Amino acid sequence: SVQSFMARVELELGRVVEGAQDLELQDVMSIIREVTVRSSATDGMFSQLEHIYKLLQKFGIEVPTWVPNAVHTAPKRWAEVKKLRDKCRGLLEDVINHQALRLRDKVSEFSSIVAKFREVFLAEMPFAGN
């Protein structure tokens, strides 16, 4: 459910903001991505729920007492979740950049190894046809 998703995001990303050191960068980035992916659909869902609630009120249909509170607080809570996502992204920016540089260096190193292997292979291959 959306409520459990928001609770999980608040818990995990809240730990990042608090400076927890035992979190895996990949897990945190996965949560940040989930929030981003769900963002427009969830925003649309909340606006539809509010529209339906107002329509029910207009026609005098009674709704459970928890509905008005949920209709008004859930979008605000979702907005806070998105702010938390942005804050975490900012806090992790240096770590992400460091990881990107490290990966680029590893790829460059591997490309160099492949180029050397290819050079030796082409020079020494027994079936060159010459």
Side-chain angles (χ1 to χ4, degrees):
S1 77
V2 174
Q3 295 289 1
S4 62
F5 175 71
M6 288 193 293
R8 183 174 65 89
V9 169
E10 289 169 336
L11 175 69
E12 293 298 319
L13 296 186
R15 293 182 64 216
V16 172
V17 171
E18 293 170 2
Q21 299 296 317
D22 63 333
L23 299 170
E24 291 290 328
L25 179 62
Q26 186 174 359
D27 295 338
V28 174
M29 293 306 296
S30 176
I31 293 169
I32 288 172
R33 185 180 185 289
E34 282 182 69
V35 173
T36 301
V37 167
R38 287 184 170 202
S39 190
S40 64
T42 304
D43 290 341
M45 179 188 67
F46 287 136
S47 65
Q48 289 176 2
L49 286 175
E50 189 168 350
H51 176 71
I52 291 169
Y53 174 68
K54 287 178 182 179
L55 193 62
L56 292 172
Q57 280 184 316
K58 179 179 176 181
F59 289 103
I61 298 172
E62 289 189 36
V63 295
T65 55
W66 60 269
V67 171
N69 185 43
V71 166
H72 296 297
T73 59
K76 292 175 186 168
R77 185 173 176 199
W78 180 245
E80 291 299 317
V81 165
K82 291 191 294 185
K83 286 179 187 174
L84 184 59
R85 170 204 58 194
D86 295 341
K87 185 174 186 175
C88 286
R89 192 182 288 156
L91 290 171
L92 295 173
E93 192 172 305
D94 289 341
V95 174
I96 293 166
N97 288 338
H98 175 73
Q99 289 288 348
L101 289 173
R102 192 174 65 79
L103 286 172
R104 189 178 68 199
D105 290 345
K106 281 189 169 192
V107 168
S108 177
E109 181 181 314
F110 181 71
S111 294
S112 175
I113 291 169
V114 168
K116 287 177 187 173
F117 175 81
R118 178 174 167 72
E119 184 179 308
V120 170
F121 178 77
L122 290 175
E124 297 178 5
M125 65 181 178
F127 48 89
N130 291 346

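All figures in this text were calculated on a predicted structure; none of them were measured in a lab.
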Visitor: Of all residues at least two apart in sequence or in a different chain, which pass the side chain to side chain contact (heavy atoms under 4.5 Å, CB included) check with F110?
Guide: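 Once residues adjacent in sequence are excluded, the partners of F110 under the side chain to side chain contact (heavy atoms under 4.5 Å, CB included) criterion are V114.
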Visitor: Roughly how far, to the nearest 0.5 Å, is CG of L49 from NE2 of H51?
Guide: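 Between atom NE2 of H51 and atom CG of L49 there are 11.0 Å.
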Visitor: Would you tabulate the side-chain donor-acceptor contacts of residues 4-17 under 3.5 Å, counting partners in other chains and residues two or more places apart, or write 'none'?
Guide:
unit_1	atom_1	unit_2	atom_2	d
S4	OG	S1	N	3.3
S4	OG	S1	O	3.0
S4	OG	S1	OG	3.2
R8	NH2	E34	OE1	2.8
R8	NH2	E34	OE2	3.2
E10	OE1	R77	NE	3.2
E10	OE1	R77	NH2	2.8
E10	OE2	R77	NE	3.1
R15	NH2	D22	OD1	2.6
R15	NH2	D22	OD2	2.8

Visitor: Hey, could you give me the CG/CD1 distance between D27 and I32, rounded to the nearest 0.5 Å?
Guide: 11.0 Å
Visitor: Using the test side chain to side chain donor-acceptor pair (under 3.5 Å), find all partners of T36 that sit at least two apart in sequence or belong to another chain.
Guide: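 Side chain to side chain donor-acceptor pair (under 3.5 Å) check on T36 returns R85, R89.
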Visitor: Which heavy atom of W78 sits nearest to which heavy atom of S39, and what is that distance?
Guide: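 Here W78 and S39 meet closest at CZ2-CA, 3.7 Å.
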Visitor: Once side chain to side chain contact (heavy atoms under 4.5 Å, CB included) is applied, do any residues pair with R118, and if so which ones, sequence neighbours excluded?
Guide: L122
Visitor: V67: which other cluster members, linking ILVMFWY side chains closer than 4.5 Å, directly or transitively?
Guide: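 Traced through the cluster, V67 reaches I52, Y53, L55, L56, F59, I61, V63, W66, V71.
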Visitor: Suppose the criterion is salt bridge (charged side-chain N to carboxylate O under 4.0 Å, His left out): which pairs have a residue in residues 42-65, not counting sequence neighbours?
Guide: D43-K82, E50-K54
Visitor: Looking at every heavy atom in both P75 and A70, which two are closest together, and how far apart are they?
Guide: CD-O, 4.1 Å
Visitor: Without swapping roles, check the side chain of S108 against the backbone of R104 for a donor-acceptor pair under 3.5 Å.
Guide: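 No.
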Visitor: How about K116 and S112: do any of their side-chain heavy atoms sit closer than 4.5 Å?
Guide: yes
Visitor: Would K83 and E80 count as a side chain to side chain contact (heavy atoms under 4.5 Å, CB included) here? Give the steps.
Guide: CA-CA 5 Å; K83 286 179 187 174; E80 291 299 317; 3.5 Å; yes
